Amino acid sequence: MLLSKLFIPITKDLPAEAKIKSHQLMLRTGMIRQSSAGIYSWLPLGFKVMKKIEKIVREEQNNIGAQEMLMPTIQPADIWKESGRYDDYGEEMLRISDRQKREMLYGPTNEEQITEIFRSSVKSYKLLPQIFYHIQWKFRDELRPRFGVMRCREFYMKDAYSFDLTENEAVHSYNKMFYAYLKTFQRLGLKSIPMKAETGPIGGDLSHEFIILADTGESKIFADKKIFDIKVEEFKNNESSLKKMRENFSKYYAVTDDKFKKDEFDKNVKKSDQLQTKGIEVGHIFYFGDKYSKPMNCSVDNKDGKKTFVKMGSYGIGVSRLVAAIIEAKYNNEKMKWPISVSPFDVVIIPSINKNDNSNLKKATKLYLELKKNNIDVLLDDIDENLANKFKKHDLLGIPFQIIIGSKSQDDEFEFKEIDGKSKMLNSNNITKELKKYFV
Ligand code: ATP
Ligand code: MG
């Protein structure tokens, strides 16, 4: 892609409500545009990042055997009346009616919808366990939408639902999802902490929030630093290993401020291991047994032919929130840096362009075509502007690798650098090889 052709409508005056870095940067780099309060359009650059995040989320769901499907955004009110949540959900739910005056709503979550699908088609324990997921827009009429896509009204979420016969099996499904979440956030270049959480309006017995560290997060967190020594690679996707993984995590103190007690913290965690910081919730998982299956009469026959309400769990990841959360976690010294796995481009070529001499641009174009041929997603900064300004712009865009073509570049030798690392001189062949290590 040529930078001169890329649609990056930069917002000149940042709106006053853009208080946190990610919101400001997403507006300044034209990733999103507000449509109305808490509702955004995703412009090409932002959309590209979100789709990359979505792909990783999807792959890790598939890896634990979850099956992808797609449920609608608009749901009938009836199923929510059955579960008893139609009134409980309150004003966060956007209620609408169609031309026949049927009550509908824009889904804030999908427990009722999936339970309805399951109960009408599964009658025997033999089809269990099952995990389904979809990645779909949600609407919650938040009282105070803020921080851009971090807390908005319309947002993109991966939500999964598990169905099991027994509580033990259901906890195994929960553990699998726990594992998939750790792997997902790791691939997104994030340090995540699973924290025991309240179950809130979703309800239930067991719940964890996955929080990533960022100074601007809404949640205050108190944790034992040693929790970061647990490596997800040490565990396998089988029942005993995943049980061990959960036990390991539960050994370490990690809570948000609503559960924090100073004396407990001091008693359980050595001073030098005490971590007090802020974080952003990027995922939340719940086990809630028959909370929905019972009122909605969702049952299967067990081995002895006895009717049994299925045990369910639900599991959310804020895919659109993650775009902002990654920016918050990675922004440093006035520079953005996308993790390699979700960067909008793999590499940017920055030639120094001089009106009277187009040799650098020529070299840059040749390298650009070469990289494209090798399936590297490359951006060429072909704009006639001084290098200092170009660097400022690329510090904002945060593409992880840069190739600079200026006075130092010989015929086939270019300055290659990681955005905040050292540079080295490489020829085009070696640049291709180096980039292929990461991207192809
Ligand atoms: P929060 O505690 O942040 O209000 P929640 O507990 O209501 O979120 P869940 O129902 O657990 O959210 O939803 C799963 C995920 O969806 C959350 O972990 C978060 O990443 C994302 N999410 C929830 N609400 C919003 C929102 N208003 N804007 C953007 N993402 C959201
Ligand atoms: Mg939550």
Side-chain angles (χ1 to χ4, degrees), residues 61 66-98 100-141 157-174 176-177 197-207 284-316:
Q61 292 294 295
Q67 298 172 66
E68 186 167 14
M69 60 191 291
L70 186 61
M71 289 178 269
T73 52
I74 307 286
Q75 302 179 23
D78 296 352
I79 50 176
W80 286 72
K81 288 182 179 163
E82 272 190 66
S83 74
R85 274 209 297 184
Y86 192 60
D87 294 325
D88 292 355
Y89 218 93
E91 294 201 293
E92 264 193 29
M93 183 187 277
L94 180 63
R95 294 152 210 260
I96 39 194
S97 59
D98 65 11
Q100 258 91 33
K101 305 277 174 284
R102 272 188 295 249
E103 290 176 290
M104 315 288 284
L105 56 100
Y106 194 123
T109 177
N110 284 61
E111 282 80 6
E112 283 77 1
Q113 185 84 79
I114 191 78
T115 306
E116 201 287 314
I117 293 170
F118 191 89
R119 74 176 173 190
S120 61
S121 39
V122 180
K123 298 291 174 218
S124 160
Y125 74 96
K126 286 185 188 148
L127 257 169
L128 297 177
Q130 290 285 355
I131 305 179
F132 305 109
Y133 74 98
H134 76 161
I135 306 175
Q136 176 64 293
W137 293 95
K138 304 287 182 291
F139 193 94
R140 294 183 187 173
D141 202 352
M157 193 209 278
K158 183 286 300 178
D159 39 326
Y161 303 90
S162 63
F163 294 85
D164 286 275
L165 186 65
T166 66
E167 178 158 338
N168 262 345
E169 286 161 356
V171 169
H172 179 47
S173 294
Y174 185 92
K176 279 205 252 186
M177 202 54 85
E198 300 300 338
T199 47
I202 307 251
D205 312 320
L206 176 62
S207 171
H284 199 163
I285 62 178
F286 303 86
Y287 167 63
F288 44 72
D290 58 12
K291 180 174 158 58
Y292 299 94
S293 56
K294 208 167 176 179
M296 291 186 70
N297 198 19
C298 175
S299 65
V300 293
D301 289 340
N302 71 8
K303 252 195 228 109
D304 309 319
K306 193 168 162 254
K307 177 175 150 165
T308 313
F309 293 118
V310 290
K311 307 286 182 295
M312 291 174 60
S314 75
Y315 315 88

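Positions are given from 1 along the sequence. What you see is a predicted model; the values in this text were computed from it and never measured.
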Test side-chain contact (heavy atoms from CB on, under 4.5 Å) on Asp78 and Arg102; report intermediate values, then the result. CA-CA 9 Å; Asp78 296 352; Arg102 272 188 295 249; over 6 Å; no
Rounded at 0.5 Å granularity, tell me how far [atom1] in [X] sits from [atom2] in [Y].
X	Y	atom1	atom2	result
Met93	Asp141	CE	CG	11.5 Å
Tyr174	Asp164	OH	CG	14.0 Å
Phe132	Phe118	CZ	CZ	6.0 Å
Glu116	Arg119	CD	CZ	5.0 Å
Lys303	Lys126	NZ	NZ	10.5 Å
Gln67	Tyr133	CD	OH	9.5 Å

Nearest atoms (heavy-atom pairs only) where [X] meets [Y]:
X	Y	value
Ser120	Ile117	OG-O, 3.0 Å
Glu112	Ser83	OE2-OG, 2.6 Å
Leu70	Ile135	CD1-O, 3.8 Å
Tyr287	Met312	CD1-O, 3.3 Å
Ser293	Thr115	CA-CG2, 4.4 Å
Glu111	Ser314	OE2-OG, 2.9 Å

Given side chains that start at C-beta, do those of [X] and [Y] come closer than 4.5 Å, heavy atoms only?
X	Y	result
Tyr125	Lys306	no
Ile131	Met177	yes
Gln75	Asn110	yes
Trp80	Asp88	no
Lys138	Asp159	yes
Ser173	Lys311	no
Pro129	Glu169	no
Phe163	Leu127	no

Under 3.5 Å side-chain donor-acceptor pair for Glu68 and Gln61: no
Under the 3.5 angstrom rule, does the side chain of [X] hit a backbone N or O of [Y] as a donor-acceptor pair?
X	Y	answer
Asn302	Asp304	yes
Arg140	Glu92	no
Ser207	Ile285	yes
Tyr315	Ser162	no

Any chance you could lay out the side-chain contact (heavy atoms from CB on, under 4.5 Å) test for Phe309 and Asn297, step after step, and finish with the verdict? CA-CA 7 Å; Phe309 293 118; Asn297 198 19; 3.6 Å; yes
Residues Lys81, Glu103: salt bridge by 4.0 Å N-O rule: yes
Cation-pi check, Arg85 to Tyr292: give yes when NZ or CZ is under 6.0 Å from the six-membered ring centre and within 45° of the ring axis, no otherwise.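 Judged by the rule, Arg85 and Tyr292 form no cation-pi pair.
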Could you walk me through whether Gln136 and Thr73 pass side-chain contact (heavy atoms from CB on, under 4.5 Å), step by step? CA-CA 7 Å; Gln136 176 64 293; Thr73 52; 3.5 Å; yes
How far apart are the C-alpha atoms of Tyr106 and Ile74, what are their side-chain angles, what is the distance that settles it, and do they pass the side-chain contact (heavy atoms from CB on, under 4.5 Å) test? CA-CA 5 Å; Tyr106 194 123; Ile74 307 286; 4.1 Å; yes
